[in-house]
Amino acid sequence: QVQLAESGGGLVQAGDSLRLSCTASGRFFSNYGVGWFRQAQGKEREFVAFIRWNGVRTSYAASVKDRFTISRDNAKNTVFLQMNSLQAEDTAVYYCGLSSTLDGGPSPRVYDSWGQGTQVIVSS
């Protein structure tokens with residue numbers, strides 16, 4: 001059984017940067033895609049980005065493209081989300097999910113393991 005743990009969230013000002021980490025233990029992490037999602041208060045969980053098992057393919061939501069970068073270090077069982085030029089609209093709890101396949105996708109149904117989330121608050 002895999003366990004995921006997100007870290008790196010916090011309170012920042014608009015325009016600042018944060019780097020989130022998602023560290024996995026258990027299942028052979030490097031064989032699977034990983035996605036980042038976020039959920040703002042009162043809203044549904046929404047897709048942010050995903051990365052293929054080998055890091056070759058990535059995809060982003062339009063709202064974060066050109067500001068966020070997803071990457072992974074399979075030797076450390078960790079996926080990162082570098083978030084630049086943060087905006088108040090980015091405030092949410094951020095979750096990472098481990099895909100059941102080599103790839104990922106924008107639907108939460110692709111992912112069968114989730115972390116507990118890390119809170120990001122961006123003040124304007």
Side-chain angles (χ1 to χ4, degrees):
Q1 184 72 16
V2 68
Q3 292 183 328
L4 302 176
E6 301 94 339
S7 62
L11 171 63
V12 297
Q13 294 186 336
D16 286 350
S17 299
L18 278 176
R19 188 174 81 155
L20 305 184
S21 298
C22 171
T23 301
S25 61
R27 199 167 84 192
F28 198 40
F29 175 80
S30 61
N31 283 357
Y32 301 95
V34 174
W36 281 99
F37 286 72
R38 66 188 182 186
Q39 188 165 15
Q41 192 169 5
K43 296 186 177 181
E44 294 186 354
R45 189 170 298 193
E46 66 171 0
F47 167 71
V48 175
F50 78 78
I51 187 167
R52 190 171 166 80
W53 71 276
N54 56 3
V56 170
R57 187 168 94 99
T58 60
S59 181
Y60 299 89
S63 60
V64 307
K65 190 174 175 61
D66 297 329
R67 297 189 299 123
F68 291 10
T69 302
I70 189 171
S71 61
R72 67 190 299 162
D73 184 344
N74 285 341
K76 296 182 179 180
N77 277 8
T78 301
V79 170
F80 304 98
L81 185 69
Q82 177 67 42
M83 307 188 296
N84 298 330
S85 302
L86 283 162
Q87 305 167 357
E89 300 75 47
D90 297 316
T91 295
V93 177
Y94 283 71
Y95 299 89
C96 63
L98 190 65
S99 171
S100 56
T101 70
L102 296 172
D103 213 341
S107 170
R109 292 191 295 271
V110 173
Y111 307 88
D112 57 7
S113 297
W114 295 92
Q116 293 300 307
T118 185
Q119 177 75 59
V120 172
I121 301 174
V122 184
S123 64
S124 57

Per the side chain to side chain donor-acceptor pair (under 3.5 Å) rule, what does the pair list look like for residues 80-94, sequence neighbours excluded?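 Side chain to side chain donor-acceptor pair (under 3.5 Å) check on residues 80-94 returns Ser17-Asn84, Arg38-Asp90, Arg38-Tyr94, Arg67-Asp90, Gln82-Asn84.
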Notebook entry, point to check: Which residue pairs pass the side chain to side chain donor-acceptor pair (under 3.5 Å) test with at least one member in residues 114-124, sequence neighbours excluded?
Noted result: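 For residues 114-124, and leaving out neighbouring residues, there are no side chain to side chain donor-acceptor pair (under 3.5 Å) pairs at all.
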Would you name the heavy atoms of [X] and [Y] that are closest together and state the gap between them?
| X | Y | value |
| --- | --- | --- |
| Ala24 | Val2 | CB-CG2, 4.2 Å |
| Val48 | Phe68 | CG1-CD2, 3.8 Å |
| Ala49 | Leu81 | CB-CD1, 4.4 Å |

With sequence neighbours left out, what residues match [X] under side-chain hydrogen bond (donor to acceptor under 3.5 Å, both in side chains)?
| X | result |
| --- | --- |
| Ser21 | none |
| Arg19 | none |
| Arg45 | none |

Going hydrophobic residue to hydrophobic residue with side-chain gaps under 4.5 angstrom, can you get from [X] over to [Y]?
| X | Y | value |
| --- | --- | --- |
| Phe29 | Ile51 | yes |
| Phe37 | Val122 | no |
| Ile70 | Leu18 | yes |
| Tyr95 | Val34 | no |
| Val93 | Val120 | no |

Distance, nearest 0.5 Å, that separates [atom1] of [X] from [atom2] of [Y]:
| X | Y | atom1 | atom2 | result |
| --- | --- | --- | --- | --- |
| Arg72 | Ser30 | CZ | OG | 7.0 Å |
| Cys22 | Leu98 | SG | CG | 8.0 Å |
| Leu4 | Ser113 | CG | OG | 6.0 Å |

Item to check | Heavy-atom donor-acceptor pair, Glu6 side chain to Cys96 backbone, under 3.5 Å | outcome: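 Between the backbone of Cys96 and the side chain of Glu6 there is a qualifying donor-acceptor contact (under 3.5 Å).
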Discussion item. Would you say the rings of Tyr111 and Phe50 are close, in the sense that their centroids are separated by under 6.0 Å?
Written reply: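 No, they do not, as the ring centres are separated by 6.0 Å or more.
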Side chains of Trp36 and Val79, heavy atoms from C-beta outward: is any pair under 4.5 Å?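 Yes, close enough: below the 4.5 Å cut-off.
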Partner residues of [X] under the side chain to side chain contact (heavy atoms under 4.5 Å, CB included) criterion, sequence neighbours left out:
| X | value |
| --- | --- |
| Asn54 | Arg52, Val56 |
| Lys65 | Tyr60 |
| Ala61 | Phe47, Ser63, Val64 |

Exercise. In the hydrophobic clustering (ILVMFWY, side-chain contacts below 4.5 Å, transitive), which residues join Trp53, or is it alone?
Worked result: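 Answer for Trp53: Leu102.
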Members other than Leu11 in its cluster, when Ile, Leu, Val, Met, Phe, Trp, Tyr link by side-chain heavy atoms under 4.5 Å?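 Grouped by the 4.5 Å side-chain rule, Ile121 form the rest of the cluster around Leu11.
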Notebook entry, point to check: Among pairs that include at least one residue of residues 60-92, which meet disulfide bond (SG atoms under 2.5 Å apart), considering only residues two or more places apart or in two chains?
Noted result: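 Residue pairs with at least one partner in residues 60-92: there are none.
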Strictly by disulfide bond (SG atoms under 2.5 Å apart), give each pair with a member in residues 47-82 just once, sequence neighbours left out.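 Not a single pair qualifies under disulfide bond (SG atoms under 2.5 Å apart).
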